[in-house]
Amino acid sequence: MVFSVALRFLRNREVAEELAQDVFLQCYRQLDRLESAEHACSWLRRAICHRAIDELRKQRYRPAIGLEGIPEPASSGAMPDMLLRDRLREMVECLPEKARMVVVLRYQEDLVPTEIAEMLDMPVSTVKSHLHRSLALLRGRLEKKVLRAGIGLPATEVCS
Amino acid sequence: MMKRIVFGIAVALSFVPALAAQEFDFKALDKIGANASSSTNITLDGDTLRMAAGFLGGVQDKDAANVKSLVANLKAIYVRSYEFEKPGQYNEADLAPLRAYLKQPAWKAIIDVREKQESTQVYLLPSPNNKLAGVAVVSTEPTQVTIVYVNGTLEMSDLQKLSGTMGIPDIRQLDMVKPADGKTDKKAK
Amino acid sequence: MSQDSGNFEKQLREALGREDAPAGFAARVLAAAAAEKQVRVMPVAVAKLPKLPKQSWMQRPFALAIAATIAALAIVPAVVLDYQRREEARGMKAKQDLMVALSITKNQLQQARAKVQRSSRNTQ
């Protein structure tokens with residue numbers, strides 16, 4: 001869970017592993033303060049969220065490509081797109097940091113907005129707003145690329 | 001113009017359900033090798049590829065660096081190679097799932113050669129910025145079937161490296177140790 | 001529209017599904033914890049762990065269980081070494097498989113090229 005949250009957020013395996021290891025060691029140092037397995041799990045999740053956001057802010061690395069550089073899915077709607085999952089992950093990576101973490105906690109960890117709000121120290125309304133806007137943005141980007149590909153236009157566009 | 005818009009909307013609306021389809025499952029090809037006298041079955045995922053590249057100490061430095069650079073952005077390599085004692089021991093129809101998969105518009109068949117009873121196809125999966133997202137080779141002969149699928153980001157120049165400029169040993173030079181039953185089953189995963 | 005939304009959210013869940021930590025991750029964490037413990041606390045025998053009052057033991061059984069497990073990390077170095085040897089064997093096998101896979105790929109691409117050249121010579 002810890003490594004996975006870091007990986008989905010940062011999309012850099014080496015940094016994700018490094019952060020996850022740090023968080024586990026931090027947990028180990030604070031064992032006496034943990035009261036139950038649930039407490040530990042919640043602590044770990046919260047710790048990796050904040051560490052991952054801090055890591056991103058340090059700008060030790062950048063996303064490999066912007067939304068406009070992500071290859072379009074197969075142009076025919078009847079055919080499967082084997083890289084869809086990768087493309088979706090790449091698109092999530094292009095979301096702003098807080099929105100990105102909200103999406104990861106919602107769709108990887110299955111947390112509800114109130115839990116996400118508590119984890120990230122933000123109002124529930126802000127969490128819901130991030131979710132709503134991010135989903136709309138991701139859906140719109142994906143469908144726009146298909147539409148353009150379907151009528152023979154190139155997929156390049158300005159990332160706005 | 002109106003037809004194009006309608007077509008575009010139809011594509012967009014049909015896009016979402018279609019996205020639920022799975023990636024190609026190589027288990028679908030297991031039937032081909034049922035009667036093989038010798039088989040090579042290799043599946044290397046991203047982690048295993050990187051692990052393997054980290055152990056390339058025995059290769060000359062430049063070659064090792066080339067291989068490491070090549071596999072750094074790969075997600076997986078699949079190899080299925082089967083040899084049969086005589087013709088007619090495999091069913092071409094068992095390749096149908098793979099052929100159907102590679103017939104998707106995104107894949108481009110750059111080589112399609114058929115002569116006598118042999119056929120070879122090479123497919124590329126283009127991605128933006130003159131890169132590739134996949135390479136596939138399907139080769140059939142009366143007593144041999146070989147499938148190679150490289151999944152991940154490659155530069156166009158990587159194709160040349162894969163074709164032999166990277167210090168990769170010739171397949172005949174590799175010591176393929178065969179167990180007593182004559183089957184070589186080299187599974188990495 | 002809501003069905004499309006549901007489908008999209010399902011795809012997002014699949015895309016963002018949990019991914020396992022890399023091979024050896026747990027061992028590395030344990031090794032780091034053991035190393036840290038040895039640096040901070042000397043080779044502390046289990047007997048030297050402070051006895052917690054009954055009340056605090058009752059209140060934090062989870063923490064004590066983990067602490068007891070970690071105390072047993074005195075034997076981790078040997079376990080880690082064994083794990084490292086197995087990892088090395090895995091790595092060597094993976095390397096061999098990689099070279100075989102690349103060799104077959106090279107062979108197939110060269111053969112394809114040769115067939116194309118032969119075919120174009122025949123049609124000339």
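Source: prediction; values computed, not measured. By convention in this document, chain letters (A, B, ...) are assigned in the order of the sequence lines, proteins followed by strands, and residues within each chain are numbered from 1.
Side-chain contact between C:F8 and A:L138 is present, with at least one heavy-atom pair separated by less than 4.5 Å.
Of all heavy-atom pairs between C:L12 and A:L135, the closest is CD2-CD2, 3.4 Å. Looking at every heavy atom in both residues, A:S4 comes nearest to C:G17 through OG-O, 4.1 Å.
One finds the CG atom of C:L16 at 11.5 Å from the CZ atom of A:R100 (value rounded to the nearest 0.5 Å). Here A:R139 contributes atom CZ and C:E9 contributes atom CD; the two are 9.0 Å apart, rounded to the nearest 0.5 Å. In this structure, CG on A:D110 lies 9.0 Å from CZ on C:R18, to the nearest 0.5 angstrom.
Around atom NZ of C:K115, more than 12 heavy atoms belonging to other residues, nucleotides or ligands sit under 6.0 Å away. Sparse packing is recorded around CZ of C:R90, with 12 or fewer heavy atoms of other residues, nucleotides or ligands lying under 6.0 Å away. In this structure, A:E118 places its CD atom where only 12 or fewer heavy-atom neighbours from other residues, nucleotides or ligands lie under 6.0 Å away.
For chain C, the nearby part of A:L7 is the side chain; its heavy atoms alone come within less than 4.5 Å. In this structure, chain C has no heavy atom under 4.5 Å from any part of A:A16. Proximity to chain C involves both the backbone and the side chain of A:V103, based on heavy atoms less than 4.5 angstrom apart.
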